[in-house]
Amino acid sequence: MEGACFLRSAARPEEFPAGNAVEVAFLGRSNVGKSSVINALVGQPRLAYTSSTPGRTRSINFYRVGEKVVFVDLPGYGYARVSKAEADRWKHLIEAYLLHRRELALCVLLLDARRGWMEKDLELKRWLDFHKRRHVVAVTKIDKFKNQTELRRGLETIRQVSPEVELTPFSALTGQGVRELWQTIWKSVTKA
Ligand code: GTP
Ligand code: MG
């Protein structure tokens, strides 16, 4: 994918871009690798800002990745060292987006392969189910497993919790899963 570009950063719902594109949102815990997944998918390592310090993406960032598609990088949740006020502000911002955004066609929920489902992830998943937001799961950082057996076990544990959700193993480091996740995204985008 050539020529993806930064569109806009929104700290408040009023700042969401007007548009007719189909949006794909990336959600997950702080530091899980949302921005890295976006960069890997578009093949531009420095498009979305990544950092080893959790909690870096503080607003909602919109990236145009094609004529019709916009990727949306959401602030991560679950980072303990954020003030309550700041955490509440993020929650409000994310919920405003997820609840009302008409352009939103698909949520990609990211899980860290070694951690699997954590309480906040399950909370979000239940919320998406309740509000009938279509979502898939990408299990990222799978390069951190020592071998295939560990990888298989990790994925199996995640599947047991959510057998009905489409699941894509992913690594921003090796590029594994890039093609598969694009296929999943493409299906939703063309249906929207
Ligand atoms: P916030 O914006 O803070 O919520 O984080 P994020 O979810 O956007 O994570 P980000 O993409 O910034 O990645 C966090 C850290 O994990 C960085 O140090 C990345 O280099 C690393 N990382 C992301 N994806 C992978 C992966 O697939 N494999 C490995 N080994 N490291 C990864
Ligand atoms: Mg980020």
Side-chain angles (χ1 to χ4, degrees), residues 1 4-11 15-16 23-65 70-84 86-95 97-98 106-125 128 135-148 150-152 154-155 158 167-182 184-185:
M1 170 77 50
C5 65
F6 173 74
L7 198 60
R8 171 178 286 219
S9 188
E15 294 167 357
F16 296 165
E23 292 182 352
V24 178
F26 294 82
L27 296 157
R29 295 178 67 81
S30 193
N31 211 44
V32 72
K34 298 172 291 297
S35 304
S36 301
V37 168
I38 290 178
N39 291 341
L41 286 172
V42 300
Q44 293 176 212
R46 272 179 293 277
L47 180 66
Y49 182 73
T50 66
S51 167
S52 53
T53 313
R56 269 312 150 93
T57 311
R58 297 186 173 191
S59 353
I60 300 187
N61 291 309
F62 296 80
Y63 299 93
R64 177 167 291 288
V65 301
V70 166
F71 280 179
V72 183
D73 192 3
L74 290 155
Y77 48 82
Y79 179 47
R81 259 189 264 168
V82 184
S83 73
K84 171 93 167 63
E86 183 82 334
D88 285 349
R89 196 181 67 76
W90 288 356
K91 190 167 191 288
H92 173 74
L93 182 67
I94 295 170
E95 286 188 358
Y97 176 81
L98 293 175
L106 180 71
C107 296
V108 180
L109 175 55
L110 296 175
L111 298 179
D112 185 314
R114 296 158 308 164
R115 299 208 168 117
W117 290 102
M118 297 179 71
E119 192 44 45
K120 284 246 162 52
D121 306 314
L122 287 167
E123 226 172 80
L124 175 61
K125 189 191 173 304
L128 293 172
H135 53 282
V136 293
V137 170
V139 181
T140 194
K141 306 196 186 183
I142 58 166
D143 56 274
K144 296 222 174 186
F145 281 116
K146 279 203 288 292
N147 54 50
Q148 288 298 313
E150 276 194 13
L151 169 63
R152 216 167 340 102
L155 293 175
I158 292 170
L167 194 149
T168 308
F170 196 94
S171 166
L173 202 72
T174 67
Q176 198 177 332
V178 165
R179 191 167 354 119
E180 291 79 1
L181 192 52
W182 258 122
T184 305
I185 289 170

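Heavy atoms only: backbone and side chains are in, while hydrogens, waters and symmetry mates are out. Whatever order the structure lists them in is the order used to number ligands and atoms, beginning at 1. For reference, positions follow the sequence shown, starting with 1. Quick caveat: nothing in here was measured; it's all calculated off a predicted structure.
- For E119, the CD atom is densely surrounded, since the number of other residues' heavy atoms within 6.0 Å is greater than 12.
- Checking L27, D121, V32 one by one against L110, the side chain to side chain contact (heavy atoms under 4.5 Å, CB included) holds for a single residue, V32.
- Residue S171 places a heavy atom less than 4.0 Å from ligand 1.
- In terms of N/O distances under 3.5 Å, ligand 1 is not approached by I142.
- Between W90 and Y97, the ring center distance fails the sub-6.0 Å criterion.
- Against a heavy-atom cut-off of under 4.0 Å, S30 is close to the following atoms of ligand 1: 3 (O), 4 (O).
- Using a 4.0 Å cut-off between heavy atoms, T140 contacts ligand 1 through its side chain alone, with no backbone atom that close.
- Between D112 and K141 the shortest heavy-atom distance is OD2-CD, 3.9 Å.
- The side chain to side chain contact (heavy atoms under 4.5 Å, CB included) with P169 is formed by just one residue from the set L181, I158, I142, V137; it is I142.
- Close N/O approach between A172 and ligand 1 is found [any backbone or side-chain N/O within under 3.5 Å].
- Considering backbone and side-chain atoms together, K34 places an N or O closer than 3.5 Å to an N or O of ligand 1.
- Residue V32 has at least one heavy-atom neighbour below 4.0 Å for each of these atoms of ligand 1: 7 (O).
- The S36 neighbourhood of ligand 1 comprises atoms 10 (P), 11 (O), 13 (O), 19 (C), 23 (C), 24 (N), with distances under 4.0 Å to a heavy atom of that residue.
- The ligand atoms of ligand 1 that sit less than 4.0 angstrom from a heavy atom of G76 are 4 (O).
- Aromatic ring centroids of Y63 and F6 lie under 6.0 Å apart.
- Screening K91, H92, K84 for a side-chain hydrogen bond (donor to acceptor under 3.5 Å, both in side chains) with D88, the sole residue that qualifies is K84.
- Taking any N or O of Y49, backbone or side chain, none lies under 3.5 Å from an N or O belonging to ligand 1.
- Contacts with ligand 1 closer than 4.0 Å are made by side-chain heavy atoms of D143 only, the backbone lying farther away.
- Judged by distance alone, the side chains of Y49 and N61 never bring a donor and an acceptor atom under 3.5 Å apart.
- Look at S35 and the Mg ion (ligand 2): an N/O/S atom of the residue is under 2.8 Å from the metal.
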